[in-house]
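These notes are about the structure you will find just below.
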Number of protein chains: 4
Amino acid sequence: MILQLNMSSDTPIYMQLRNQIVMGIGSGELKTGEGLPSVRQLAVDIGINMMTVSKAYNILKNEGYIEIDRRHGAKVREDLDSNRKPTEKLEYGLSLLAAESKAKGMDKETFLKICEKTFNDINTQKLKEHRAC
Amino acid sequence: MILQLNMSSDTPIYMQLRNQIVMGIGSGELKTGEGLPSVRQLAVDIGINMMTVSKAYNILKNEGYIEIDRRHGAKVREDLDSNRKPTEKLEYGLSLLAAESKAKGMDKETFLKICEKTFNDINTQKLKEHRAC
Amino acid sequence: MILQLNMSSDTPIYMQLRNQIVMGIGSGELKTGEGLPSVRQLAVDIGINMMTVSKAYNILKNEGYIEIDRRHGAKVREDLDSNRKPTEKLEYGLSLLAAESKAKGMDKETFLKICEKTFNDINTQKLKEHRAC
Amino acid sequence: MILQLNMSSDTPIYMQLRNQIVMGIGSGELKTGEGLPSVRQLAVDIGINMMTVSKAYNILKNEGYIEIDRRHGAKVREDLDSNRKPTEKLEYGLSLLAAESKAKGMDKETFLKICEKTFNDINTQKLKEHRAC
DNA sequence: GTGGTCTAGACCACA
DNA sequence: GTGGTCTAGACCACT
């Protein structure tokens with residue numbers, strides 16, 4: 001899996017890292033149970049601080065995406081599917097995006113078409129850099 | 001229009017303010033052409049600094065949501081609808097949310113149902129505080 | 001002559017007014033010796049404050065474009081041509097524009113071609129609203 | 001690079017700063033990839049507030065001239081040349097300058113000669129303080 | 001009245 | 001170390 005970080009972005013690096021790994025899981029590129037590189041390894045590979053990688057891993061753990069095992073490092077959780085309560089964050093994010101779209105005159109059909117297309121395209125989507133807040 | 005800010009959030013106040021105003025426009029609570037409070041007034045009302053409000057207003061201006069008139073303050077742009085190219089930001093935000101949902105095992109039907117419900121509910125949605133990045 | 005003012009612009013109204021009148025003179029729409037509307041008349045026509053019009057007229061007078069006569073109001077100066085020392089401001093403005101162009105990789109030929117085209121097109125140019133500072 | 005600011009100018013300090021840095025890039029004094037002083041350092045050096053420098057840097061970032069990296073501060077963008085669409089602002093600025101020149105009786109040959117000289121002299125030009133609006 | 005600019009500090013997030 | 005955010009005031013330009 002290739003990780004692309006933008007050092008000049010407003011989004012913190014640890015959050016870009018977290019986002020890319022979530023994208024990797026969502027797209028199936030990272031399978032449940034699959035191991036992630038060690039903090040040290042990943043930090044060296046992409047040339048960033050270990051603390052930054054560690055922070056991303058901890059967020060992913062707290063969000064229920066990965067497990068961290070002192071012996072075997074981090075891996076994608078096996079029981080990810082049973083962990084489905086993405087409603088709060090999803091609804092917040094969607095309501096903001098929907099409001100922006102509605103404010104600029106987009107109708108529901110167009111909005112839903114983009115939603116569907118985006119969901120279908122996850123597998124091939126690149127997580128391009130963008131200011132999300 | 002009632003604005004609720006969370007002073008201890010990671011999201012900057014000016015960005016929360018920006019988000020809430022966008023929600024207000026999207027929901028129709030703020031109509032095109034409608035005047036916004038002056039930066040001074042709003043700053044006093046919600047107990048924050050003038051410059052923070054000013055920053056939010058300037059972002060909204062640059063994003064094309066409002067106009068700022070030296071004489072009468074800020075108002076929602078009349079020609080908001082003609083400005084419809086929210087696709088880039090929308091697609092980025094959606095791809096992240098869709099990936100998160102997919103990673104947690106949500107199927108397309110459920111995802112789209114939530115998308116539709118969110119779009120319909122904009123009018124009554126409260127923009128609850130949440131870390132979006 | 002039609003004056004178009006943008007109340008939501010960063011450029012002060014009196015300066016927009018000054019710019020449009022200069023454009024009118026440059027394009028030949030306003031001829032040397034031609035009278036301008038009275039301050040009161042113009043203020044009413046375009047719905048702005050008399051002080052604003054007066055300020056624009058005073059700048060134009062100080063810059064040597066117009067004469068203001070208590071009896072006959074303002075008119076374009078007859079001897080405009082003899083007044084040719086536009087070098088300082090011209091050079092400042094040009095050096096900034098040239099630097100911006102050069103910084104973004106434009107070569108001299110392209111730059112000069114745009115300069116020539118702009119000069120030729122003055123007669124038909126609309127002074128579109130733009131942040132000049 | 002020497003920065004000269006005029007504290008009693010109508011042009012805001014942050015804009016003077018932005019202009020001077022653009023001149024520096026255009027003249028080659030600041031090369032692509034070259035680092036700029038930190039906001040703190042520059043603020044101290046020229047005796048102004050950090051936020052004023054920050055504002056200038058942010059404008060330059062939004063205009064595509066520089067990148068701001070959380071780790072190493074600001075630097076001139078590497079891919080500046082690929083960003084070449086300065087035509088809109090250039091055309092507006094030129095049309096105003098050309099109109100002023102034409103109004104004062106300057107002919108095309110003289111105007112173009114000054115344009116060419118200015119472009120050639122960028123390297124040695126000083127950006128003198130002047131009211132551009 | 002309006003917004004724009006600026007100061008001189010402070011605290012925080014990031015790396 | 002870096003930039004980002006925010007405050008509580010001040011003064012100015014514009015209308």
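Keep in mind that what you see is a predicted model, and the values were worked out from it rather than measured. Naming convention: chains lettered A, B, ... in sequence-line order (proteins, then strands); numbering from 1 in each chain.
- Under 3.5 Å, the side chain of D:R40 and the base of F:dG3 form at least one donor-acceptor pair of N or O atoms.
- One interatomic measurement links the two molecules: CG of C:L5 to P of F:dC14, which rounds to 15 Å at whole-angstrom precision.
- An OP1 or OP2 oxygen of F:dG4 is reached within less than 4.0 angstrom by a side-chain nitrogen or oxygen of D:S54.
- Per the geometry, CD1 belonging to B:I59 stands 13 Å off P belonging to E:dG4, to the nearest Å.
- Among the protein residues, C:I48 comes within range of no part of the nucleic acid, since none of its heavy atoms lies under 4.0 Å from any strand.
- Atom-to-atom, CG of D:D69 to C1' of F:dG1 comes out at 12 Å; the value is rounded to the nearest Å.
- In this structure, A:T52 contributes its side chain and A:I48 its backbone to no donor-acceptor pair below 3.5 Å.
- Other residues, nucleotides and ligands contribute at most 12 non-hydrogen atoms within 6.0 Å of the CZ atom of A:R40.
- Side-chain contact between C:Y57 and C:I68: present, with at least one pair of heavy atoms (C-beta onward) separated by less than 4.5 Å.
- For B:M51 and B:P37, each mapped to the nucleotide of DNA chain E holding its nearest heavy atom, the one lying further toward the 5' end belongs to B:P37.
- Mapping B:T52 and B:R70 onto DNA chain F via the closest heavy atom, the residue that lands nearer the 5' end is B:T52.
- Comparing D:N49 and B:K61 by the nucleotide of DNA chain E whose heavy atom lies nearest to each, the residue mapping closer to the 5' end is B:K61.
- The shortest heavy-atom contact between A:V39 and A:M50 is CG1-O, 3.5 Å.
- Among residues two or more places apart in sequence or in another chain, the side chain to side chain donor-acceptor pair (under 3.5 Å) test is passed with C:E29 by none.
- Applying the 4.0 Å criterion to OP1 and OP2 of E:dC14, one finds that A:Y14 has a side-chain N or O inside that range.
- Set against F:dT15, F:dT2, E:dC6, the side chain of C:P12 has F:dT15 as its closest nucleotide.
- In terms of polar N and O atoms assigned as donor or acceptor, the side chain of B:R71 never comes within less than 3.5 Å of the base of E:dG1 in a complementary pairing.
- Across the protein-nucleic acid pair, B:D10 atom CG and E:dC14 atom C1' stand 12 Å apart, rounded to whole Å.
- Looking at which nucleotide of DNA chain F each of B:M50 and D:Q41 is closest to, the 5′-most match is held by D:Q41.
- Nearest approach of A:L17 to A:L5, heavy atoms of both residues: N-CD2, 4.1 Å.
- Axis angle, first five pairs versus last five pairs of the helix from E:dG1-F:dC14 to E:dC14-F:dG1: 30°, rounded to 10°.
- Heavy atoms of other residues, nucleotides or ligands lying less than 6.0 angstrom from CE of A:M7 number more than 12.
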